[in-house]
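In what follows, chains carry the letters A, B, and so on, assigned in the order in which the sequence lines appear, proteins first and then strands, with residues in each chain numbered from 1. Heavy atoms only: backbone and side chains are in, while hydrogens, waters and symmetry mates are out. Please read these numbers as outputs of a predicted model, since none were measured by experiment.
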Number of protein chains: 4
Amino acid sequence: MSFSNDKAIYLQMADRIADRILNGELLADQRIPSVREYAVSLGVNANTAVKAYDSLAQDGIIYNRRGLGYFVAENAADRIRQSRRKAFFHDALPEVFRQMRLLDISITEVDKHWADYSAATEQQTNNDKL
Amino acid sequence: MSFSNDKAIYLQMADRIADRILNGELLADQRIPSVREYAVSLGVNANTAVKAYDSLAQDGIIYNRRGLGYFVAENAADRIRQSRRKAFFHDALPEVFRQMRLLDISITEVDKHWADYSAATEQQTNNDKL
Amino acid sequence: MSFSNDKAIYLQMADRIADRILNGELLADQRIPSVREYAVSLGVNANTAVKAYDSLAQDGIIYNRRGLGYFVAENAADRIRQSRRKAFFHDALPEVFRQMRLLDISITEVDKHWADYSAATEQQTNNDKL
Amino acid sequence: MSFSNDKAIYLQMADRIADRILNGELLADQRIPSVREYAVSLGVNANTAVKAYDSLAQDGIIYNRRGLGYFVAENAADRIRQSRRKAFFHDALPEVFRQMRLLDISITEVDKHWADYSAATEQQTNNDKL
DNA sequence: GTGGTCTAGACCACC
DNA sequence: GTGGTCTAGACCACA
């Protein structure tokens, strides 16, 4: 699991944390890995991990307890969900629709891909459970 | 018509040219604005326009005729469509689906937004015709 | 027969004239095509053809008789041969040798290609005679 | 070590890097000088060095690690060798042969020059070792 | 420290 | 007129 080139690494790191909060892997008031741990686990400079946690803290998604580390905020999942939904419907979807127009891609084609995706992830989820 | 902050200006300029090729405004072997024209028309430094055309030329979307200017390549529209479709189905759509999963957004909700978007742009197109 | 992009068109035009002098197609004191003829025959701006003839005249390879056109100079072939040989042994060959070193290409391999080339052009020459 | 006039400086800079990769001075995943270092070491503006690295990156010969600098790509040497060999046998050699024909230069004469060149560079290599 | 972008202005060869 | 290159200097985000 590596990083994309077209987005700041620290933002990608923050996104991954947020993802894990969203899908329930990390619960409210649960401690998340220390800056150092997280940095080495991803082969990244410590300053970069600091910046990632900083940005999450700034958004009220995690909070710091001095000497103990960072913890998931009470309403973290809700905050993330809210801001992501806004980004999704405000930015991502309109751009996707614009491309569909330009590229002559029908909504039914997208629906079909969604079905495929759903089936695949469903499968994946089941495998994970075993 | 100005520029977004989260992408290099020269890339946005290139994208606009590509968009105009895709939707048929610019046809194969048609001359596109000179570097300087395009630069001043967008209130940008000439070097920035140079970089935009450079990137398009590198992708085989436009070509240069010495002393005459840049022209749309024969298969430009196809090239663009192909690379964009790949990006769409390979990158954009999977990410959209991933967000839908994380955010509990159903495909029917997306379909509805598409209907709204279609109606709106339909309207727009009709207005343009008047 | 079109033009390469990495050399000025007028120089390529001049080279073609020189080639035809070298291989005996154009003889001393023979008239060469008018600037206009040459320009339209190659689909090129007249000024460009003017520049090509200018550069040849500057090198003493052709001369102008007012109202009559351009003619091949007396010692044109010799001049061309001399300057080309210098360029060949001074510039082209050393660079070729340098690339051979870097690319691990042996002289015997080049010899083989020469044999192929000779056979092919021999054939070509015979066909031309028929 | 300065620059030739008949080729863009940034391309000559790129060529030098490529040469050093070809002859093994720069190995895969090795860091190359920073843009600014390379620029000042050659007495050139930083933007020119940027352009040189840009062109190498576009060809997949070097890659960027954010904040760290440029590194030699895994298969860089092969890529360079392949594209140069193609240029050599496709473009350079045929042109050399054409000139040999026009100028009545025999292959044995070229072979002799190669022997001289080989002896000279051999000598050079030995000197370098001392 | 790294590269990336952008501006302003200049000079050039070419068509 | 066209694009191509180069310089000088600036600001920025990123690691």
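- Checked against side-chain hydrogen bond (donor to acceptor under 3.5 Å, both in side chains), A:Asp6 has the following partners two or more places apart in sequence or in another chain: A:Ser4.
- Taking B:Asn5 as the reference, nothing meets the side-chain hydrogen bond (donor to acceptor under 3.5 Å, both in side chains) condition, with sequence neighbours excluded.
- Looking at residues 54-67 of chain D, you'll see D:Arg66, D:Gly67 sit with a heavy atom under 4.0 Å from some atom of DNA chain F.
- Whole-Å rounding puts the A:Phe3 CZ to F:dA15 C1' distance at 12 Å.
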Check your understanding: According to the Watson-Crick and G-U wobble definition with distances under 3.5 Å, which dot-bracket string, read 5' to 3', encodes DNA chain F, using [ ] for crossing pairs and | for pairs with another strand?
Key -> ||||||||||||||.
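- A heavy-atom distance below 4.5 Å is found between the side chains of B:Arg84 and B:Leu22.
- For the salt bridge (Lys or Arg N to Asp or Glu O under 4.0 Å) test, no residue two or more places apart in sequence or in another chain qualifies with B:Arg31.
- Side-chain atoms of D:Arg85 come within 3.5 Å of backbone atoms of C:Leu103 as a donor-acceptor pair (strictly under, hydrogens ignored).
- Each salt bridge (charged side-chain N to carboxylate O under 4.0 Å, His left out) pair with one or both residues in residues 54-76 of chain D, not counting sequence neighbours, would appear here, but there are none.
- Within a 6.0 Å radius of CZ in A:Arg101, other residues, nucleotides and ligands contribute more than 12 heavy atoms.
- Counting any heavy atom pair closer than 4.0 Å across all strands shown, D:Tyr70 reaches sugar-phosphate atoms only and no base atom.
- The stretch residues 4-13 of chain C comes close to DNA chain E through C:Ala8, C:Ile9, C:Tyr10, each having a heavy atom under 4.0 Å from the strand.
- The residue among D:Ser34 and B:Arg36 whose nearest nucleotide of DNA chain E lies closer to the 5′ end is D:Ser34.
- Screening residues 10-36 of chain B for ring-ring contact (aromatic ring centres under 6.0 Å, His included), with sequence neighbours left out, gives no hits.
- Side chain of D:Gln30 to main chain of D:Leu27: a donor-acceptor pair is present (N/O by atom type, distance under 3.5 Å, no hydrogens or angles).
- Mapping heavy-atom proximity under 4.0 Å, the span of DNA chain E touched by chain D runs 5' to 3' from E:dT2 to E:dC6.
- Evaluation of the ring-ring contact (aromatic ring centres under 6.0 Å, His included) test over residues 19-63 of chain D, restricted to residues two or more places apart or in two chains, returns D:Tyr38-D:Tyr53, D:Tyr53-D:Tyr70, D:Tyr63-D:Phe71.
- Summary of the strand contacts: D:Asn47 and A:Asn45 both lie near DNA chain F, and taking for each the nucleotide with the nearest heavy atom, the more 5' one is attributed to D:Asn47.
- The nearest heavy atom of DNA chain F to D:Ala46 and to A:Thr48 marks one nucleotide each, and the one closer to the 5' end goes with D:Ala46.
- Every pair passing side chain to side chain donor-acceptor pair (under 3.5 Å) that includes a residue from residues 87-98 of chain D is listed here, sequence neighbours excluded: C:Asp19-D:Arg98, D:Glu95-D:Arg98, D:Glu95-D:Gln99.
- Contacts of A:Val44 with the nucleic acid, taken as non-hydrogen atoms under 4.0 Å apart, are absent.
- Residues D:Asp29 and D:Val72 fail the side-chain proximity criterion, which asks for heavy atoms closer than 4.5 Å.
- Judged as a side-chain hydrogen bond (donor to acceptor under 3.5 Å, both in side chains), and not counting sequence neighbours, the contacts of A:Glu25 are A:Arg20, A:Asn23.
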